[in-house]
There are 4 protein chains.
Amino acid sequence: MKKQVSRRDKILQTALRMISEGGFHNSPMSELASRSGVAVGTIYHHFESKDALIRALYAACAEQVSAAVLQGVDEKLSNSKRFETMWLNLHSWYSRHALEFSFIRQFESSPFVSGKGHDPGFFSQPVLDVFREGVKVGKLRKLKAGALSALFAGMVSSTVTMELREGKKLSGKELAELASMGYAAIRR
Amino acid sequence: MKKQVSRRDKILQTALRMISEGGFHNSPMSELASRSGVAVGTIYHHFESKDALIRALYAACAEQVSAAVLQGVDEKLSNSKRFETMWLNLHSWYSRHALEFSFIRQFESSPFVSGKGHDPGFFSQPVLDVFREGVKVGKLRKLKAGALSALFAGMVSSTVTMELREGKKLSGKELAELASMGYAAIRR
Amino acid sequence: MKKQVSRRDKILQTALRMISEGGFHNSPMSELASRSGVAVGTIYHHFESKDALIRALYAACAEQVSAAVLQGVDEKLSNSKRFETMWLNLHSWYSRHALEFSFIRQFESSPFVSGKGHDPGFFSQPVLDVFREGVKVGKLRKLKAGALSALFAGMVSSTVTMELREGKKLSGKELAELASMGYAAIRR
Amino acid sequence: MKKQVSRRDKILQTALRMISEGGFHNSPMSELASRSGVAVGTIYHHFESKDALIRALYAACAEQVSAAVLQGVDEKLSNSKRFETMWLNLHSWYSRHALEFSFIRQFESSPFVSGKGHDPGFFSQPVLDVFREGVKVGKLRKLKAGALSALFAGMVSSTVTMELREGKKLSGKELAELASMGYAAIRR
DNA sequence: GATGAATGAGAATTCATTCAT
DNA sequence: TATGAATGAATTCTCATTCAT
């Protein structure tokens, strides 16, 4: 029982590293297997296909992101503070999780999303609820929670990409400004 | 002479459609050839490899984008007006060029960019110069033009993605606000 | 004890259905296991290998066929009556056992027979004895019982195949004619 | 041009030998390629899939069979003579083409036929027309040409199988008797 | 330049079988 | 006996690239 979880997790973890470094198509199942220390068949025991494995990995990342985003976000905060906190949380998580960040970017701009089936969804319901609530109380633009959050997350993503590109971290003051801007972009 | 250009363009155009719809790896050279009405070998007369073809396509897109972005941008404009105009230009071009937009997104988040060789660069020198000038005169954050423009473009990209996702276009007023926010994000 | 028999039979029964519908190679052990409601390992407790399982299934079918063929066949019957009865018995059994018929046909024309090991044999000794006796008393062609019976059974098989193809059953009179013809084909 | 035909034919010829000896599933494409002296990809250049290759092979065999069956069959012959000739022609061809015979038997009793799509058809229209004409003039049983010919061919097949099993050829006299019986089985 | 048949390394996936529990 | 996770060799098929015409 413990062993299974451990194997499955090991595979996901290896896949994350390989894909974030080389992309989906430089990550053959055979290599994923050997690097994970399991047989090819074992991967197929845990995931129906390579596609399914990638989706599962995305889901796992998305879950972690959502949890991280909500850290310290509660009803006592003002709307601006609430979203600025989320902005900074997301920025922080992306910055500390370069592999996940790279993987998520690749996944979201690949035909995996728009192509087959629907969008697997990025933020969890609790996160989306914060956006919904904002719209409901008239603080945010009247758009679907999915759209608002995508815009919001896109700005964070652009910022992190820029930092990585520049190879230089923005200061806390600069980040606070951008977070404020992020809120401004979605508020009414 | 005319024939060659026409063939090369036809190939690029077909590749754009195929890749934007199916991704790099659902776009085999053989199918690209047949859909373009040429032989496989012909593609290799015009492009050294599939990689080279994709880079050429990106370069062609980037060139068009840069030209579009600079429409109506001149020294007479204030800094805010200048960048807001560029923001709206870019938004407008992306909106009118869904295939190119999809292709560019895929290209930029794939290992093509960070992986092999250098970043092919997105904006042309003239566009980058506008950012450089902004930094020089103390109006923009002290970051490299490439970084600033990436952040700027990322916001537009997020906005368009959001609109596509939502399936609803933002109003001119909303866009103006976001453009203003875009400038705010990079200004000092 | 009862449980074991029941399990073994359930496996054979499921295998019969799967193979007759999809062929040997569309009948993986794992699916056979799940459809039979047992674990893969359990199949290997009852059968040494997939090959052995298939041979066992063939043997089981052959046994049933032989028993069915001899219904109402005794020494009092004339030779013609004897073989015509056998012909009709076989026809009747095949018609009522479509899955077995399909499986037997596949088995017999596959490399299972001529390939590995010996022919598992189709008719039981008692059935073959009837043919041997016919040869002995000079009523049948001087051929081995196996050959004669194969010719005989082949004609029934062809007839059933034809009926299945046509989707229309032959009348009792037509069958009687063909049965008579079957005897004529092997008699001296 | 000449080369292509030759390659395609070589592949079919090798496939015939391999499949007749080892069955569909002991005939991997890689081995088929090497034994044919071509690359794997070349097979796929000529045939869409292994399935398609097998179907093409069957079609090629069926075409040859049909041509052989009609040798010496013309309107001047009586009905009995006509069908007896066809019986003997088919018997002769099967006897001289052991590989094709084995392949055809395997193909026809595999899920290739009843499974996917329709029956690819065995006899050519000209052959079927002979049966149709027989029905039309009231000499043959009122069954579809496909069914009648299947019964007819099935008897020949059974006979050849028996001879192969026995390892002894039937005499010309015996064959003539069986041919006569074959006609008797389908006549009205 | 144009063609497209040929190549073959490489990729995803399958599945009979094993074995520790 | 029963289980089913794990194995990994084997299989089908793909596709970027080459080259003789």
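Only heavy atoms go into these numbers, but all of them, side chains included; no hydrogens, no water, no symmetry mates. A, B, ... follow the sequence lines: proteins, then strands. Residue 1 opens every chain.
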(request) Let me know the distance between NE2 of A/H46 and P of E/dT14, rounded to the nearest Å. (result) 16 Å

(request) Can you tell me the distance, in whole Å, between the CZ atom of A/F24 and the C1' atom of E/dG10? (result) 20 Å

(message) Assuming nearest nucleotide by heavy-atom distance, tell me which of D/E48 and A/I43 is located more 5' along DNA chain F.
(response) A/I43

(request) Note down the inter-axis angle between the two ends of the helix from E/dA2-F/dT21 to E/dT21-F/dA2, five pairs each, to the nearest 10°. (result) 0°

(message) If you assign D/H45 and C/S49 each to the DNA chain E nucleotide with the nearest heavy atom, which residue ends up on the more 5' nucleotide?
(response) D/H45

(message) Does A/S20 form a side-chain hydrogen bond (donor to acceptor under 3.5 Å, both in side chains) with A/S102? I'd like the steps, not just the answer.
(response) CA-CA 5 Å; A/S20 70; A/S102 166; 4.8 Å; no

(message) Just verifying a value: how many Å separate D/S27 OG and D/K50 NZ, rounded to the nearest 0.5 Å?
(response) 6.0 Å

(request) Please determine if a side-chain N or O atom of B/H25 lies less than 4.0 Å away from the OP1 or OP2 oxygen of F/dT14. (result) no

(message) Taking only side-chain N and O atoms of D/R7, does any of them lie within less than 4.0 angstrom of OP1 or OP2 on E/dA5?
(response) no

(request) Could you grab the distance from atom CZ of A/F122 to atom CZ of A/F107, nearest 0.5 Å is fine? (result) 11.0 Å

(message) Whole angstroms only, please: what is the OH-P distance between D/Y44 and E/dG10?
(response) 18 Å

(request) Go through the structure and list residues passing side-chain hydrogen bond (donor to acceptor under 3.5 Å, both in side chains) with C/T161, not counting sequence neighbours. (result) none

(request) Supply the atom-to-atom distance D/E48 CD to D/R55 CZ, rounded to the nearest 0.5 angstrom. (result) 11.0 Å

(request) Applying side-chain hydrogen bond (donor to acceptor under 3.5 Å, both in side chains), name anything that partners B/E63, two or more places apart in sequence or on another chain. (result) none

(request) Could you list the residues that satisfy ring pair (Phe, Tyr, Trp, His ring centres under 6.0 Å) with C/H97, not counting sequence neighbours? (result) C/W93

(request) Rounded off to whole Å, could you give me the CE-to-P distance for the D/M29 and E/dT7 pair? (result) 14 Å

(request) Could you state the atom-to-atom distance from CG of B/N26 to P of F/dA16 in whole Å? (result) 11 Å

(request) Give me the residues of residues 34-42 of chain C where at least one heavy atom lies under 4.0 Å from an atom of DNA chain F, by number, or none. (result) C/V38, C/A39, C/V40, C/G41, C/T42

(message) Tell me the interatomic distance from B/M18, atom CE, to F/dC15, atom C1', rounded to whole angstroms.
(response) 12 Å

(message) With rounding to the nearest 0.5 angstrom, report the CZ to CD distance, C/R105 to C/E100.
(response) 14.5 Å

(request) Apply salt bridge (charged side-chain N to carboxylate O under 4.0 Å, His left out) to A/E21 and list each qualifying residue two or more places apart in sequence or on a separate chain. (result) A/R17

(request) Quickly work out the B/F47 CZ to F/dT17 C1' distance and round it to whole Å. (result) 16 Å

(request) Starting from P on F/dT11, measure out to CG on D/L53 and report it in whole angstrom. (result) 16 Å

(message) Quick check for you: among E/dA12, E/dA6, E/dG1, whose closest atom lies nearest to any side-chain atom of A/P28?
(response) E/dA12

